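Everything below concerns the one structure shown next.
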Amino acid sequence: MVFFVAVADTIFAAANILTLFSNSNTGLCWVEGALRQFSEMNSLFWSISLAVVSYKSAKLDHTFKNKQFLDTAIKIGLTISLVLAIIPFFEIEGIGYGWSNDFCWITVLEPSDDYIERARVAFIVYEVVPMSIALAIILFCFCYGLIKTNTLSSELKKQLDLNSVRMIYYPLVFTLFAVPSAFDDLAVYYYGKDSEILSFFHLLISHAMGFANALVYRFISQN
């Protein structure tokens with residue numbers, strides 16, 4: 001499952017590279033937007049999946065089958081990510097892939113009187129709803145695992161698969177890195193204003209997510 005997190009990070013990195021060339025190229029902008037949307041939704045889904053694995057491990061659920069869960073997660077995760085990446089190509093209500101201040105993503109393509117309202121709809125559908133669901137699940141699993149591991153007797157702790165419990169660090173990295181980016185998107189899509197400071201941290205943090213995941217992998221493998 002960690003492998004799929006790395007794949008999503010790689011796709012996101014490819015989208016970031018395309019940002020250098022896609023401002024004046026509609027075709028590249030579509031590709032960048034689709035790759036960005038697919039990788040973000042995929043990272044979101046894998047973060048939820050890893051949080052569930054961590055939760056089940058902390059719960060000492062011996063009936064939980066990792067292989068079966070992984071097979072199901074792959075099918076559902078790829079399907080949802082592809083659907084959410086394909087929908088903007090249809091440009092429903094004038095919302096599709098286009099240049100959005102600093103990079104190509106989902107935006108309102110034509111100026112209009114209700115530009116802000118439609119931008120808010122795009123932001124809520126493609127960012128707020130998925131992020132809120134993921135954040136709620138990840139925080140619940142993290143809090144449960146933290147409380148559970150601190151209250152277990154030393155005998156029961158020996159039964160814990162600590163590496164599986166520590167998987168929660170991957171979704172936590174995603175949450176910590178994605179939330180500041182979401183605030184930047186909030187300023188652009190909801191209020192119609194672009195903040196240079198928020199944009200700077202958005203680009204800086206999002207580009208460092210893969211490196212942070214690599215550090216988590218190093219930490220887990222050494223403990």
Side-chain angles (χ1 to χ4, degrees), residues 1-13 36-61 64-85 123-152 160-186 198 201-202 204-221 223:
M1 196 174 291
V2 175
F3 168 77
F4 291 104
V5 174
V7 171
D9 285 341
T10 303
I11 295 174
F12 188 73
R36 187 177 298 279
Q37 176 67 2
F38 175 81
S39 61
E40 285 189 357
M41 291 302 101
N42 219 228
S43 291
L44 199 67
F45 190 83
W46 288 119
S47 294
I48 294 173
S49 300
L50 287 167
V52 171
V53 170
S54 175
Y55 166 76
K56 289 291 187 179
S57 298
K59 197 177 180 182
L60 294 174
D61 186 352
F64 182 69
K65 298 178 180 178
N66 278 347
K67 179 64 168 61
Q68 185 176 345
F69 175 76
L70 178 60
D71 291 341
T72 304
I74 291 173
K75 295 173 184 176
I76 296 176
L78 290 178
T79 300
I80 293 176
S81 300
L82 281 172
V83 168
L84 290 176
F123 178 68
I124 290 171
V125 171
Y126 292 103
E127 186 89 5
V128 173
V129 173
M131 191 72 70
S132 298
I133 294 172
L135 187 60
I137 295 173
I138 289 168
L139 289 179
F140 169 78
C141 293
F142 173 72
C143 292
Y144 180 90
L146 192 65
I147 295 170
K148 186 74 173 181
T149 51
N150 287 330
T151 56
L152 285 177
L160 279 177
D161 181 355
L162 289 178
N163 279 339
S164 294
V165 174
R166 291 190 184 111
M167 288 293 180
I168 193 65
Y169 290 124
Y170 286 105
L172 280 179
V173 163
F174 180 84
T175 301
L176 292 174
F177 278 63
V179 168
S181 301
F183 277 113
D184 180 41
D185 291 334
L186 177 66
L198 285 175
F201 279 106
H202 184 163
L204 177 67
I205 290 174
S206 61
H207 281 77
M209 191 181 298
F211 177 69
N213 279 327
L215 292 179
V216 170
Y217 177 79
R218 179 72 171 173
F219 168 74
I220 291 176
S221 62
N223 289 276

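Owing to the predicted nature of the structure, the values given are computational and were not obtained by experimental measurement.
- From Met131, atom CE reaches atom OH of Tyr126 across 15.0 Å, with rounding to the nearest 0.5 Å.
- Not a single donor-acceptor pair under 3.5 Å links the side chain of Ser54 to the backbone N or O of Leu50.
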Below 3.5 Å, can you tabulate the donor-acceptor pairs from side chains in residues 74-84 to any protein atom, sequence neighbours excluded?
from: Thr79; atom 1: OG1; to: Lys75; atom 2: O; distance (Å): 2.7
from: Ser81; atom 1: OG; to: Asn42; atom 2: N; distance (Å): 3.4
from: Ser81; atom 1: OG; to: Asn42; atom 2: ND2; distance (Å): 3.0
from: Ser81; atom 1: OG; to: Gly77; atom 2: O; distance (Å): 2.8

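- Taking the side chain as every heavy atom from C-beta outward, Phe142 and Tyr55 never approach each other to under 4.5 Å.
- Rounding to the nearest 0.5 Å places CG of Leu135 at 9.5 Å from CG of Leu44.
- For Ile11, the side chain to side chain contact (heavy atoms under 4.5 Å, CB included) test picks out Val7, Leu35, Phe38, Ser39, with sequence neighbours left out.
- Annotation: the span from Glu127 atom CD to Met41 atom CE amounts to 6.5 Å, rounded to 0.5 Å.
- Relative orientation of the Phe4 and Trp46 rings is parallel, given thresholds of 30° and 60° on the angle between their planes.
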Just do the side chain to side chain contact (heavy atoms under 4.5 Å, CB included) check on Ile137 and Cys141 with the steps written out, would you?
CA-CA 6 Å; Ile137 295 173; Cys141 293; 4.1 Å; yes
